[in-house]
Amino acid sequence: MTVNLWADSAHARDYLERRRHIPHRDEGYAALLEFLPPAPRRILDLGTGDGYLFALIRDHHPDVTGVAADFSAEMLERARDGFADTAVDVVEHNLDAPLPASWGKFDVIVSAFAIHHVADDRKHTLYREVYDRLTPGGLFANLEHVASATPELHEAFLYAIGSSPEQDDPSNQLAGVGEQLAWLRGHGFEQVDCHWKWRELALLAGTRAA
């Protein structure tokens, strides 16, 4: 049975407390920022959480507008507080549901450690929806929790982040890097690659044809 604990506020708060202790996490965010276009205009952040990634982007590009989407009530409250009186619209949306056409188009779509909470068939479909929501030449950058090649490597990753197999989050539905890059290419993305990786943390990216 599929489990997603992120609707529970206590689970969300626990992650927010632990995330700063995850090794190399900041390196992944820095790599994502490096791949943004010089002057991004409109951004969609899928699974924004408390808005951490979107806030980082705004630190470097204060004029960006866009949509920050999440379904956790705890995260949405924090994101709305953080983006009050800004051009960022914080909206409630579960990634299991199709991306609304009413959001319009974006020149950049990002996500950080969120898409691995949906089933693989939904990941595949979601990547097609992302392609459709991008403007020509637009960038998709997904800083993601991916599957290890073996159970032993997965267990080693858990211990490396201060966790254990007994504490493994049942919400995680991990897919491998190669599999996800193939999905992106199959949907028409160009310049597809894994630009950064540490164990089960990886930056996957591609662009819509110009």
Item to check | Same cluster (ILVMFWY, side-chain, under 4.5 Å), Ile161 and Val177 | outcome: no
Checklist entry - Is a side-chain donor-acceptor pair under 3.5 Å present for His154 with Asp168? => result yes
Checklist outcome for this item: In terms of heavy-atom contacts, Pro23 and Ala160 come closest through CG-O, 3.4 Å
Item to check | Euclidean distance, Arg199 CZ relative to Ser148 OG, rounded to 0.5 Å | outcome: 8.5 Å
Next on the checklist: Please check if the number of heavy atoms outside Glu179 that lie under 6.0 Å from its CD is greater than 12.
Outcome noted: yes
Item to check | From CA spacing to verdict: side chain to side chain contact (heavy atoms under 4.5 Å, CB included), Asp89, Phe83 | outcome: CA-CA 8 Å; Asp89 295 323; Phe83 294 127; over 6 Å; no
Next on the checklist: For the CG atom of Leu158 and the CG atom of Leu153, what is their distance to the nearest 0.5 Å?
Outcome noted: 11.0 Å
Checklist entry - Can a salt bridge be assigned to the pair Arg122 and Glu129 using a cut-off of 4.0 Å between side-chain N and carboxylate O? => result yes
Item to check | Closest non-hydrogen atom pair between Lys123 and Ile115, with its separation | outcome: CE-O, 3.6 Å
Next on the checklist: Is it the case that over 12 heavy atoms from other parts of the model lie below 6.0 angstrom from the CD atom of Glu77?
Outcome noted: no
Next on the checklist: Tyr127 vs Phe140, test: ring pair (Phe, Tyr, Trp, His ring centres under 6.0 Å). Steps then yes/no.
Outcome noted: CA-CA 9 Å; Tyr127 288 162; Phe140 175 47; 5.6 Å; yes
Next on the checklist: Do Leu46 and Phe35 land in one hydrophobic cluster if side-chain heavy atoms of ILVMFWY residues count as linked below 4.5 Å?
Outcome noted: no
Item to check | Main-chain N/O of Asp96 paired with Asn94 side-chain donor or acceptor, under 3.5 Å | outcome: yes
Item to check | Within 6.0 Å of NE2 in His60, more than 12 heavy atoms from elsewhere | outcome: no
Checklist entry - What is the distance from atom CD of Glu155 to atom OG of Ser163, rounded to the nearest 0.5 Å? => result 10.5 Å
Checklist entry - Taking Asn172 for the side chain and Leu174 for the main chain, is one N or O donor matched with an acceptor at less than 3.5 Å? => result no
Checklist entry - What are the two closest non-hydrogen atoms of Val64 and Ala87, and how far apart are they? => result O-CB, 4.4 Å
Checklist entry - When rounded to the nearest 0.5 angstrom, what is the spacing between CG in Leu32 and CG in Asn142? => result 8.5 Å
Item to check | Nearest non-hydrogen partners of Ala210 and Pro136, listed with the distance | outcome: O-CB, 3.7 Å
Next on the checklist: Between the side chains of Glu74 and Arg13, is the shortest nitrogen-to-carboxylate-oxygen separation below 4.0 Å, so that they form an ion pair?
Outcome noted: yes
Checklist entry - Is there a donor-acceptor pair under 3.5 Å between the side chain of His117 and the backbone N or O of Ala114? => result yes
Checklist entry - Can you find a pair of side-chain heavy atoms, one from Leu139 and one from Asp107, that are under 4.5 Å apart? => result no
Checklist entry - Given the rule that I, L, V, M, F, W and Y join up when any side-chain heavy atoms are under 4.5 Å apart, are Leu143 and Leu36 in one cluster? => result yes
Checklist outcome for this item: What one should report as the nearest heavy-atom pair of Thr48 and Asp70 is N-OD2, 3.3 Å
Checklist entry - If you measure from CD1 on Ile22 to CG on Leu201, what distance do you get to the nearest 0.5 Å? => result 7.0 Å
Item to check | Val146 and His116: CA distance, side-chain angles, deciding distance, side chain to side chain contact (heavy atoms under 4.5 Å, CB included) verdict | outcome: CA-CA 7 Å; Val146 300; His116 67 281; over 6 Å; no
Checklist outcome for this item: Nearest heavy-atom approach of Arg208 to Leu134 is NH1-O, 3.2 Å
Next on the checklist: Given Val67, which partner from the list Ile43, Ile109, Leu44 fulfils the side chain to side chain contact (heavy atoms under 4.5 Å, CB included) test?
Outcome noted: Leu44
Next on the checklist: Show, in sequence, the C-alpha distance, side-chain angles and deciding distance for Arg58 and Thr86, and conclude whether the side chain to side chain contact (heavy atoms under 4.5 Å, CB included) test is met.
Outcome noted: CA-CA 10 Å; Arg58 283 177 56 82; Thr86 73; 3.8 Å; yes
Checklist entry - Centroid-to-centroid, His61 to Phe54, below 6.0 Å? => result no
Checklist entry - Looking only at side chains, do Gln191 and Thr207 share a donor and an acceptor under 3.5 Å apart? => result no
Item to check | side-chain hydrogen bond (donor to acceptor under 3.5 Å, both in side chains) partners of His124, counting only residues at least two apart | outcome: none
Checklist entry - Looking at Phe106, does the NZ or CZ of Arg133 lie under 6.0 angstrom from its six-membered ring centre and within 45 degrees of the ring axis? => result no
Next on the checklist: Quick check for you: to the nearest 0.5 Å, what is the distance between Leu204 atom CG and Cys194 atom SG?
Outcome noted: 5.5 Å
Checklist entry - With respect to Asp50, which candidate in Arg78, Arg19, Arg80 satisfies the salt bridge (Lys or Arg N to Asp or Glu O under 4.0 Å) definition? => result Arg19
Next on the checklist: Ring centres under 6.0 Å, that's the criterion: do Phe71 and His93 meet it?
Outcome noted: no
Checklist entry - Honestly curious: do Trp196 and Leu184 fall in one hydrophobic cluster under the side-chain, below-4.5 Å linking rule? => result no
Item to check | Val88/Thr65 under side chain to side chain contact (heavy atoms under 4.5 Å, CB included): CA gap, chis, key distance, verdict | outcome: CA-CA 5 Å; Val88 178; Thr65 65; over 6 Å; no
Next on the checklist: Below 30° counts as parallel, above 60° as perpendicular, anything between as tilted: where do the rings of Phe189 and Tyr131 land?
Outcome noted: perpendicular
Checklist entry - His24 vs Trp198 aromatic rings, parallel, tilted or perpendicular, using cut-offs 30° and 60°? => result tilted
Checklist entry - Can a cation-pi geometry be assigned to Arg25 and Tyr52, taking NZ or CZ under 6.0 Å from the six-membered ring centre and within 45° of the ring axis? => result yes
Item to check | Transitive ILVMFWY side-chain link Leu95 to Val90, under 4.5 Å | outcome: no
Item to check | Salt bridge flag under 4.0 Å for residues Lys197 and Glu200 | outcome: no
